[in-house]
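Keep in mind the model is a prediction, meaning the values are calculated, not measured.
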Amino acid sequence: TSNPGTGNIYASKIGAQWFVGRGFLPFDTASLNGGTLIAGSNTVAIQFNTDVGGNATVWVIVQSTQASNTNLVNDDFNDLATVDGGNLNVTTTGLKTFTLNATGEGWISFAGAFTKLGIRTEKDRANTEPTIDERWQIDFNAGVTPTVLTVNYPPAPTTGGYRSLLGVGQ
């Protein structure tokens with residue numbers, strides 16, 4: 001599924017106030033047959049285009065529970081969990097790959113139509129006041145550099161090799 005666009009995902013402090021921005025990553029995983037994942041080989045790749053704040057930031061993949069997979073509303077802002085499903089310290093622009101940890105791999109849906117993930121800064125996830133501006137522009141545009149969930153799982157017993165599903169997210 002594809003929902004092209006860009007967004008600033010951030011935790012920043014301006015004067016005495018601090019602000020956060022979050023990203024939602026619903027992936028259509030309906031074609032997965034079920035089974036067991038190959039642990040440690042499941043990733044989310046995200047394009048970080050612009051370092052707006054000028055500072056390195058730890059980004060965290062979290063689970064989301066928004067009602068719609070295609071239309072976000074303001075009330076969805078708090079529908080991102082705080083449990084760490086995989087994280088990465090981003091210091092430069094470019095395509096970054098997050099390896100999902102065991103918790104994040106547990107969120108991959110084999111039975112449902114979508115795997116709902118999100119992205120937050122570590123300061124936002126931990127509810128810690130930022131001391132610096134931690135803003136990066138993320139490109140979720142499927143036409144340029146798609147945000148991709150790669151899921152690896154063993155083949156059915158009668159076939160050989162590994163199977164991989166590449167799904168495009170928001």
Side-chain angles (χ1 to χ4, degrees), residues 1-12 20-29 31-32 36-66 69 72 76-110 112 114-128 130 132-153 162-170:
T1 220
S2 172
N3 294 311
T6 60
N8 287 315
I9 310 301
Y10 56 88
S12 63
V20 295
R22 301 170 177 170
F24 290 79
L25 306 168
F27 294 98
D28 184 352
T29 53
S31 64
L32 293 177
T36 305
L37 298 173
I38 299 171
S41 67
N42 303 288
T43 61
V44 175
I46 299 173
Q47 178 73 29
F48 286 80
N49 281 344
T50 307
D51 175 358
V52 180
N55 297 293
T57 305
V58 175
W59 295 93
V60 182
I61 299 295
V62 296
Q63 190 173 32
S64 64
T65 58
Q66 76 276 9
N69 297 311
L72 292 174
D76 292 330
F77 185 79
N78 288 322
D79 290 338
L80 289 180
T82 59
V83 176
D84 184 339
N87 63 68
L88 187 66
N89 187 24
V90 176
T91 59
T92 61
T93 60
L95 188 65
K96 307 299 178 192
T97 301
F98 294 73
T99 300
L100 296 176
N101 61 28
T103 300
E105 288 177 333
W107 300 331
I108 296 172
S109 175
F110 284 94
F114 279 81
T115 294
K116 295 180 180 182
L117 302 176
I119 185 167
R120 300 172 77 163
T121 68
E122 173 56 23
K123 296 276 176 120
D124 174 30
R125 185 195 73 80
N127 198 29
T128 304
I132 57 175
D133 195 5
E134 302 173 339
R135 287 183 292 147
W136 289 72
Q137 185 180 49
I138 297 176
D139 185 358
F140 298 118
N141 191 332
V144 179
T145 305
T147 298
V148 177
L149 169 67
T150 302
V151 178
N152 292 293
Y153 57 97
Y162 292 106
R163 300 180 71 165
S164 182
L165 168 78
L166 297 179
V168 178
Q170 181 169 338

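- Closest non-hydrogen pair, G86 versus N101, comes out as N-ND2, 3.4 Å.
- Taking the side chain as every heavy atom from C-beta outward, V44 and L100 approach each other to under 4.5 Å.
- The minimum heavy-atom distance between F77 and V20, with the atom names listed, is CZ-CG2, 3.4 Å.
- Here K116 contributes atom NZ and I108 contributes atom CD1; the two are 15.5 Å apart, rounded to the nearest 0.5 Å.
- For E122, the salt bridge (charged side-chain N to carboxylate O under 4.0 Å, His left out) partners two or more places apart in sequence, or in a different chain, are R125.
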Requested in this report: Start with the C-alpha distance between F27 and T147, add both sets of side-chain angles, then the distance that settles side chain to side chain contact (heavy atoms under 4.5 Å, CB included), and finish with yes or no.
Outcome: CA-CA 9 Å; F27 294 98; T147 298; 4.0 Å; yes
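- Of all heavy-atom pairs spanning D84 and W107, the tightest one is C-CH2, 4.2 Å.
- A donor-acceptor pair is defined here as one N or O able to donate and one able to accept, closer than 3.5 Å; no such pair exists between the side chain of R120 and the backbone of A126.
- The side-chain heavy atoms of I46 and W59, taken from C-beta on, include no pair separated by under 4.5 Å.
- No donor-acceptor pair closer than 3.5 Å links the side chain of S64 to the backbone N or O of D79.
- Shortest non-hydrogen contact noted between T57 and N89 is O-OD1, 3.4 Å.
- For the side-chain contact (heavy atoms from CB on, under 4.5 Å) with F24, the qualifying choice from N69, L80, L117 is L80, the only one to do so.
- Between the OG1 atom of T82 and the CG atom of D124 there is a distance of 9.5 Å, given to the nearest 0.5 Å.
- With N87 contributing its side chain and V58 its backbone, the two residues share no donor-acceptor pair below 3.5 Å.
- The minimum heavy-atom distance between L72 and D76, with the atom names listed, is CA-OD2, 3.3 Å.
- For the pair N152 (side chain) and S41 (backbone), a donor-acceptor distance under 3.5 Å is present.
- Looking at I61 and L25, their side chains come closer than 4.5 Å, going by heavy atoms from C-beta outward.
- The two residues P26 and Q66 have their closest heavy-atom pair at CB-NE2, 3.9 Å.
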